[in-house]
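I have placed the structure first, in the form of structure tokens, so that the comments after it can refer back to it.
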Amino acid sequence: MSPEKPTTERASDGDKLPNFVLEAVQRDVAEGKSGGKVMTRFPPEPNGYLHVGHAKSICLNFGIAQTIPDAVCNLRFDDTNPSTEEAEFVRSIQEDLRWLGFDWGKRMYFASDYFEKLYGLAVALIEANKAYVDSQSLEEMRLGRGSFYKPGQVSPHRDRPPAESLALFERMRAGELADGSHVLRAKIDMSSPNQNLRDPVMYRIKREHHHRTGDTWCIYPMYDFAHGYSDAIEGVTHSICTLEFENHRPLYDWFLDQAPFDPRPQQIEFARLNLTHTVLSKRKLQQLVAGKHVSGWDDPRMPTLAGLRRRGYTPEAIRAFCDRIGVSKRNSFVDVTLLEHAVREDLNARCRRAMGVLRPLRVVLENYPEGEEQSFDAPWSPDDPARGSRRIPFSRVVYIDAEDFAETPPKGWFRLSPGAEVRLRYACIIRCERVVKDEQGKVVELRCSWDPDSLGGNAKDGRKIKGTLHWVSEKRAVPAEVRLYDRLFAAEHPGEEGDDFLEEINPASCEVVTGARLEPALAGAPAGDRVQLERVGYFCVDPDSKPGAIVLNRTIGLRDSWGAKQKK
RNA sequence: UGGGGGAUCGUCUAAUGGUAGGACAGCGGAUUCUGGCUCCGCUUAUCAAGGUUCGAAUCCUUGUCCCCCAGCCA
């Protein structure tokens, strides 16, 4: 059977857009910053599955490492909040990253690897009188922080002697103090117009089991404190993050000012991906899973990498998409048709073709001898004969798709209708002689004749046949369940005006067709196998498939200019 | 009443003082044993107003609009 044609070289490389982050890094290299070294990192928090928005960040960070000689990209799990993080997500993130095609070598790290070092850094800040233990309540701290327009008030504990803070901090670590009773804060500027600088919390007490450190710690560092130092500890030179951290950069820099590292990492922000007809916020994806609105993180309608994979998307298509959307600082919504285009383009080049009928309509060829059978040769890839062919069995009764017949055809119809001729792909020409209906008047069978002089599909007398239909032999077809997926949200911007996005789930986003029939060559196709069903779309064999009960997921339909025209 | 960012075709994104280009989407056509693919063509943009300049998307001034920030989340 024709294997998929690999498209790694073709689809993903070559049309990378230049972007301002890469250019900034290249400038730094040219100027000899950090001794010309470049190290980036991809820092997921293990509290959910990776999605196509992460893919943008992954392609950026790993892409820079691949573009610049000797540069590397680390994988670092930002696991500083044990309340939400799980080992299962650590596993899935690695799996998805590998699947996408990126390799972090031996450089897989965890912020939790640095807990002891970070504790030491915190102690040093206390000793330098740059941090203090605050004993205010959460509410008092909130009030004390002021507002956008009002400067904050200093904490009554702000001038606590370093020795006293140190003693308290040690007791925090030792588990002698209750959750929430104390925090360690950086001593910066309570009246800063940037609220991130109003003595941000560095450590909180949290008696939670950590997926890696277990119960070793009951205090955990906050993002702003942990992230920059984790970068610095690893030797990261360029810490690339999304726009909402722009306000945090002064704090990122402040921490680095207190304990100079070489190289000193630099934070650069870019706009996260937004996609039309899609939700990408971790909270909303969690809601979809937790509320069982989808079958799981890998539901083929999910924008997660696991979901896209199960749907039949290829890593090359996702990478090509990421390369093409570019990187900038503008808040934007990428049209989901661009993603759909990327996957069609890749699948068109790599998938073999086969025939399958979603909604079978029985066609009896009255002038074909009963009990006889023949077969036709059909290339796996008409555009590339080198990929071989298979035989397709043919006999007196075949199925065509119900939607390829119209009793009263609209203008421009060149599929089957009473009295009309069409070609059965690779087989022969047939004419519809009679329509058989049930008591309700529903068409249940077509009585047709075939032209024995059209073997292979071309008429001996040279007459042109405009319509070509896909078909399967009744006797030899294999049954299949086909899951027709569509966008999870019909609305362009789900939940836009405060609407509940859950109520905007497209009820037609998953249509299960149970009576489909496939050509026999598809029997036994393994899970993950992809194929184009000619004239229908691209499909991927679902892991739910059992021997003799194949399940296909529709990745994406073919472009349909006829259907589009009909809609107008 | 604050601070930080951002405004280029319908949507993304280039042009870094010198022809506003590409991709997607849309429309039309050619080709076709997939109404697919491919090929060809077309439509459409510099937030506004002033200024500097031979020349401005780009520099200056003044506005306008959009996004982010008041977690012991990341």
Side-chain angles (χ1 to χ4, degrees), chain A residues 15 17-19 23 43-45 47 78-81 83-85 134 137-138 141-143 145-152 179-185 192-198 200-206 219-220 222-224 226-227 241-250 269 271 273 276 282-283 324-342 344-345 348-349 353 355 378 382-383 412-415 422-427 429 456-458 464-470 532-538 557-566:
Chain A
D15 32 352
L17 261 27
N19 70 68
E23 284 166 1
E45 183 187 11
N47 68 348
D78 223 338
D79 56 350
T80 56
N81 183 2
S83 317
T84 56
E85 296 155 5
D134 198 352
S137 70
L138 221 170
M141 272 189 56
R142 191 178 64 76
L143 260 24
R145 195 158 23 237
S147 74
F148 291 156
Y149 317 110
K150 211 176 68 205
D179 286 21
S181 61
H182 305 266
V183 291
L184 182 69
R185 300 179 76 174
S192 170
N194 181 341
Q195 298 201 45
N196 292 124
L197 263 19
R198 320 242 261 230
V201 173
M202 294 165 58
Y203 270 92
R204 73 283 213 191
I205 308 173
K206 215 180 191 30
I219 58 172
Y220 292 95
M222 299 285 290
Y223 168 85
D224 288 303
H227 198 88
C241 64
T242 45
L243 250 28
E244 66 269 28
F245 292 101
E246 218 156 11
N247 294 329
H248 295 241
R249 190 172 354 116
E269 310 85 10
L273 172 68
T276 59
K282 210 172 258 184
R283 200 191 100 254
R324 246 174 259 177
I325 56 177
V327 179
S328 75
K329 297 190 74 156
R330 295 169 59 182
N331 298 105
S332 59
F333 267 88
V334 174
D335 196 322
V336 75
T337 58
L338 191 51
L339 213 210
E340 294 172 345
H341 172 263
R344 274 201 193 95
E345 182 182 53
N348 175 57
R353 313 286 135 122
M355 292 199 286
D383 299 329
W413 178 265
F414 46 81
R415 278 115 100 145
V422 294
R423 172 168 38 236
L424 296 183
R425 183 133 163 103
Y426 298 127
I429 295 166
N458 287 314
K464 291 287 176 225
I465 302 296
K466 186 81 170 155
T468 300
L469 306 187
H470 56 282
Q532 182 199 101
L533 294 185
E534 293 203 61
R535 303 211 313 130
V536 183
Y538 297 98
L558 260 26
R559 278 187 59 215
D560 180 14
S561 57
W562 168 250
K565 193 180 283 184
Q566 292 307 290

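No experiment lies behind these values; they were computed from the predicted model shown. Because only heavy atoms are used, hydrogens play no part in the values below, and waters and symmetry mates are left out as well, while side chains stay in. Naming convention: chains lettered A, B, ... in sequence-line order (proteins, then strands); numbering from 1 in each chain.
- Nearest-nucleotide mapping onto RNA chain B: of A:Glu534 and A:Ala271, the residue sitting toward the 5' end is A:Ala271.
- Base orientation of B:G36: anti, the glycosidic angle falling outside 90° of 0.
- One can place CD1 of A:Ile325 at 11 Å from P of B:C12, the figure rounded to the nearest angstrom.
- In this structure, the OH atom of A:Tyr203 is 14 Å from the C1' atom of B:C72, given to the nearest Å.
- Remark: ring of A:Phe148 not stacked against base of B:G3; the cut-offs of centroid gap under 5.5 Å and plane tilt under 30° are not jointly satisfied.
- Remark: ring of A:Tyr223 not stacked against base of B:A74; the cut-offs of centroid gap under 5.5 Å and plane tilt under 30° are not jointly satisfied.
- Nearest to the side-chain atoms of A:Glu45 among the listed nucleotides B:G35, B:A74, B:G3 stands B:A74.
- Using a 4.0 Å heavy-atom distance criterion, A:Leu338 is classed as a sugar-phosphate-only contact.
- Side-chain contact between A:His470 and A:Leu533 is absent, with no heavy-atom pair separated by less than 4.5 Å.
- In the interface, the side chain of A:Arg324 is not paired with the base of B:U13 through any donor and acceptor atom under 3.5 Å apart.
- Between the side chain of A:Asp383 and the base of B:G36 there is at least one donor-acceptor pair of N/O atoms closer than 3.5 Å.
- Mapping A:Asp335 and A:Glu23 onto RNA chain B by nearest heavy atom places A:Asp335 at the nucleotide closer to the 5' end.
- In this structure, CD of A:Gln532 is placed 9 Å from P of B:C37, rounded to the nearest angstrom.
- For A:Tyr220 and B:C72, the OH to P distance is 18 Å, given to the nearest whole Å.
- A:Asp224 has its CG atom 14 Å from the C1' atom of B:C68, to the nearest Å.
- Side-chain contact between A:Arg559 and A:Asn348 is absent, with no heavy-atom pair separated by less than 4.5 Å.
- Across all strands, A:Met222 comes closer than 4.0 Å only to sugar-phosphate atoms, never to a base (heavy-atom distances).
- In this pair, A:Tyr223 and A:His248 present their aromatic rings perpendicular. The plane angle is above 60°, beyond the 30 to 60° band.
- Stems are defined here as 3 or more consecutive Watson-Crick or G-U wobble pairs with pairing distances under 3.5 Å; those involving RNA chain B are B:2-7 with B:64-69, B:10-13 with B:21-24, B:26-30 with B:38-42, B:47-51 with B:59-63.
- Rounded to a whole Å, the CG atom of A:Leu273 is 10 Å from the P atom of B:U13.
- In this structure, A:Arg344 places its CZ atom 12 Å from C1' of B:C37, rounding to the nearest Å.
- Between the side chains of A:Thr468 and A:Arg423, at least one donor N or O sits under 3.5 Å from an acceptor N or O.
- Residue-level contact check: A:Arg249 touches neither bases nor backbone, having no heavy atom under 4.0 Å from any strand.
- Looking at heavy-atom distances under 4.0 Å, A:Arg145 makes contact with sugar-phosphate atoms alone, never a base.
- In this structure, CG of A:Leu558 is placed 9 Å from C1' of B:C37, rounded to the nearest angstrom.
- A stacking contact between A:Tyr149 and B:G2 is absent: the pair does not combine a ring-centre distance of less than 5.5 Å to the base's six-membered ring with planes differing by less than 30°.
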